[in-house]
*Asks:* 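Dropping a structure here in structure tokens format, bear with me for questions.
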Amino acid sequence: MNTDPAMTSKSTTLSSLNSIPTISAAVSSSGLLGSVASDNDMRDGEISLNTIEIVQRKFKDNEKVLSIFEAYQIIGQEHRSRLLALVVSVAGGTYAVFSLATARLPPRNVNDLSIDKIFALNETFQIGSDKKGSISQLQFDLKTADEAAVKYFYYPIISAEGASDFETFHAQIISAKFSMTHSTAATESILSYSWLNDYRQIGEVKQELKRRENEYIVFKDFIVYCGTWNVNNKPYSDSPLHLWLSNGEQPADIYAIALQELDTSAKAITFSENRPDPMWISKMLSSLHKDGEYEELTSVRLVGMMLTIIIRKQLRPYIARCRVKTVARGVFNTLGNKGGVAVSIQLNEGNLCFVNSHLAAHMAFVEARNEDYAGIVRGLVFDDDLKRTINDHDHIFWIGDLNYRIEEPPGLQLPCNRASPNAYDVLMKYDQLRIEMGKGNCFDGYSEGRIKFRPTYKYDVGTDNFDSSEKQRAPAYCDRVLWKGVRIEQLAYNSIMEIRQSDHKPVYAIFRVKIKTKDEKRYKRIHEEVLKLVDKRENENQPQISVDKTVLDFGVVRFNELSVCDFTVSNNCPMPVEFMFKVKDPPLNDICEKWLQVEPRAETLMTDSTKRVRVKLLADVRSITGLLKKIRTTNWKFDFDILILHVKNGPDMFLTVTGEYKPSCFGLSVETLCRTNQPLNTYTQAQVKDLMNDDSPEFRVTMPREFFFLIDYLHKQGNKVEGAFETLEYKHARSLQFNVIRDWLDTWSSEEFPGTPQAAAEALLMLLDLPEKPLLDPFVEDLLQTNTAAEAMELISLLSSPRRNVFVHLCMFLRQGIERQYYNLQHVASVFGRILLRSTAHAGRDFYRETRCRDFMHRFISSDIGGTLSTGIADSSGISGVGGGANGGSSNGGGGGDGSNTARINAIN
Amino acid sequence: MATTARSGGNASGSTAQRPNGTQQNKNCQFKLVLLGESAVGKSSLVLRFVKGQFHEYQESTIGAAFLTQTICIEDTVVKFEIWDTAGQERYHSLAPMYYRGAQAAIVVYDIQNQDSFQRAKTWVKELHKQASPNIVIALAGNKADLSNIRVVEYEEAKQYAEENGLLFMETSAKTGMNVNDIFLAIAKKLPKNDGAHNQGAPAGRRLNDNENNRQTNNCCK
């Protein structure tokens, strides 16, 4: 991390900045920015707020937006508009930079803003730039320990009213951070960042509810009873616990009972005994205030320390969260003979934390105790949604054998045994804990009630006499109850002298805690308001685009001819919009039909920009089959397709692709072609649709004229057909010249064939290949099972007459060509095998199947079909002798026309 | 505040508190699709429900509009993701993309138009055949403000709805009559347990397919 150019000016900025936004100054005087609206202003209607005032509405009353800055967050290739806001919390005494996503710039109202990232201005906060990857001097990044580095860039021009320029904003951040980290008055540990958690709540609804908390939160009293006792390895059965746990006028709502030295045997220490002791717990449960019904909520144990939380039964449904955690601070900080155990709970809307700790022993080890305290604070992170630490709670109770001693000044006899309360005040002057707290060395921010009881350590077991053993340990207040947080009132703090089983006396403290609670009626109302608001925000901020047309009319669409239609997508809304075409359901699995191409398929449009989308329509060898099938099967008015233009996070638009398909012979079945009585170019799409759906056995000709014209032409070419029928590549179809051939066929032209024999051969293949069903349908699979041409012939004779006629004549034509060595038998068998016996089940190539198709064709063409077939179909010389006359009527029997048609056909040509 | 007073003291312990929101409240999200012939008032119903507005001349929907609306019933927050689809017949083939994964559908007809009622019946048939089996279907006879020139009798539609297990109401987007009610009735009928909701997680659900750390409000634990 190098220093940003702006960072280099840090020293000057800092020294010149006497306007450091110290917390009190920033809040008490709006002079720093001048534009921070007062609370009253903000509660008023929508009277033209400037941007900083709008941003302020995102925060609570005691959180002030000090400065805002416009930037763009860099996410991969994209830039997202952001407002950065420097915010101070009066309650927490801390600052943070919020990164807000904004639906438009400048934002129109608070609904346009949503909090995206939060950078606490703690010691891990950094602002700087990485020169290596930087394309611009106007780039910087922000990071903290909690938030990975985020890159931003900015324009030197400000559009939002009240926004700062970069230098000012940067200097304010640096000085805010400086004021916190270098303040002599405040040490880091009492600065709280917990206010930020409200904004880390997931979801806009929760964030908004948190923000409006003061409108529905009431404070409800709960009695919290904390007890601590070092039991000195004594068994539970001996102890009259009720003397310790049933105090107080009214039954407590929550008990937090802390024990130490439950079992400090080497075994328990070595194996980090962590199973709560059920005997102790049941003894506790039977010793509580008799006016309450209780149940154990949870217990947590680490070797000698156990913390048990007991609640009144009826509170159970109001405990939203309960987590436990232990921290070992014994030998090498790993053994659990010393350390802390803790429980975190959420009761209604309040967060409570209970800590039971057993800190380092012995008079001299004050620093070790302080370190244990600090170690527990550091190490105690609950495994909850926000990874709460002890200080992230509203109400904290720290109880336990803290082991701080009374340091008797030389020559002074302290009044440990005296019964006067003032005597204890004297003792407290020499109490290590109070001394260390006073110095700020431990338990920052904690409070403790006045002690009006004798030191709780160390007694001869079974008596109320201080240690009379050889060691003569000095009496001390080892066992304490401290608290930290808001709305806590201590009602009692005492020890129980009558419990004599241990060398410590048990201690208890009773508190009244006012816990945040929802007023259900008000909450319900505000909750509904917030939901409506979020809905409104979502609906209103939905990205919108417009298109200049919703119908893409391609006019006349012809086979093998590319048509193009463009439309324009515009983004008139105040944010960048991503649009894309939606992939449709299977079997299509694509955004459009095969005969369409859309470019681009997805795009991001910046505000006020437009994009031309090009749709190409091409019904060619790849797509004509599907197109004709769709025409045949569409009940409603035929559309080439409907594109779904989807706006990310927004609506879908339908774009209808229409036009009129100009029929051609390609792709139509031989039956359909045999039903025509005029050239195909005279038909309309609708008429062809009717022809395709006509399943009567009546045909106008015995075989399609278009087929006949091609065979006839090729026949006349003799040996000038080199290369014909060798591949299925359809390379001629890609040239414009091919469409002249198409027209020649579709007009029954009497002109010379307008192409080469090779092109005619390809057209013939296409004529047979492009229909939905292969020529030998429906007997393809059965035919592949036959072994001889004669066997196959029986099936062939069952085909519809156009199919049968076309097949037989094709074979005869090919056979003749092969005999005269115009064509190669292997190639012909292979190519026609693939076409005529095409599988309707599989789309891909199946080489094994292709071999069987080839073998079938090979067998059939080589056999003496002239003899096998019924006589009169053709003579050996005259293939031209077949074909239906234009007005030849039906000839569905027998197969084939007769010689008399020859003249007719020739006349057509 | 009455509530405050009631919950002010805890110690007596006899007052049973109402469960507090965070735990007991459930958030459910449902995809709802509107189907029906062109110009029966689908978009107007949505507009009335979501924004409380009515436009005499509502543009014909060419596409599918998306809006969200949340309602609270008892302790459950029900968020509807509403897909308002184009009614024109030419777009019929696209409808499955919208009703697939929907937990609820409102099939709308116009009480002045017998054809639209017949069309509604075919939609119901199609939904029963092709939509998710647990889909809650409501039949809405819209334009009820014009009931003096109705051609579809209330009893006829009601009987049809009963025979086919549909919720039924006559609605008026213009006056607002029964508009909230029909959505509310659907929300009540929808299963609110976690399982039922998650299983329906629709392909068309689009909440927050962009931004950062916002999260879909699934049923919370």
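Labels below follow one simple rule: chain letters A, B, ... track the order of the sequence lines, proteins then strands, and each chain is numbered from 1. Every heavy atom of this structure was used, including side-chain atoms; hydrogens, water molecules and symmetry mates were not.
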*Asks:* Could you check which of Lys637(A), Glu293(A), Lys536(A), Lys584(A) has the highest count of heavy-atom pairs closer than 4.5 Å to chain B?
*Replies:*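 Going by pairs under 4.5 Å, I would pick Lys584(A).
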*Asks:* Below 4.5 Å from any heavy atom of chain B, which atoms of Val583(A) appear? Answer side chain, backbone, both or neither.
*Replies:* backbone
*Asks:* Going from CD on Glu538(A) to OG1 on Thr70(B), what distance comes out if it is rounded to the nearest 0.5 angstrom?
*Replies:* 7.5 Å
*Asks:* Quick one: what part of Ser99(A) sits under 4.5 Å from any heavy atom of chain B, side chain, backbone, both or neither?
*Replies:*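 No part of Ser99(A) comes within 4.5 Å of chain B.
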*Asks:* I would like to know whether Thr656(A) and Tyr91(B) meet side chain to side chain contact (heavy atoms under 4.5 Å, CB included); could you show each step before the answer?
*Replies:* CA-CA 9 Å; Thr656(A) 307; Tyr91(B) 304 127; 3.5 Å; yes
*Asks:* Which residue in the set Asp652(A), Ile644(A), Asp585(A) passes side-chain contact (heavy atoms from CB on, under 4.5 Å) when paired with Leu94(B)?
*Replies:*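 Answer to the side-chain contact (heavy atoms from CB on, under 4.5 Å) test with Leu94(B) among Asp652(A), Ile644(A), Asp585(A): Ile644(A).
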*Asks:* If you count heavy-atom pairs under 4.5 Å between each of His92(B), Arg90(B), Lys51(B), Gln69(B) and chain A, which one has the most?
*Replies:* Arg90(B)
*Asks:* Shortest non-hydrogen contact from Pro651(A) to Ala65(B)?
*Replies:*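 Taking Pro651(A) first and Ala65(B) second, the nearest heavy atoms are CB-CA, 4.0 Å.
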*Asks:* Between Met653(A) and Ile62(B), does the side chain to side chain contact (heavy atoms under 4.5 Å, CB included) criterion hold? Intermediate values first, please.
*Replies:* CA-CA 6 Å; Met653(A) 291 171 154; Ile62(B) 300 180; over 6 Å; no
*Asks:* So Lys79(B) and Asp535(A), side chain to side chain contact (heavy atoms under 4.5 Å, CB included) or not? Walk me through it.
*Replies:* CA-CA 9 Å; Lys79(B) 180 161 192 158; Asp535(A) 281 337; 3.9 Å; yes
*Asks:* For the SG atom of Cys72(B) and the NZ atom of Lys532(A), what is their distance to the nearest 0.5 Å?
*Replies:*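 Result: 7.0 Å between the selected atoms.
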*Asks:* Heavy-atom count around Glu249(A) CD within 6.0 Å, excluding the residue itself: above 12?
*Replies:* no
*Asks:* If you count every heavy atom of other residues, nucleotides or ligands that lies below 6.0 Å from Lys125(B) atom NZ, does the total exceed 12?
*Replies:* no
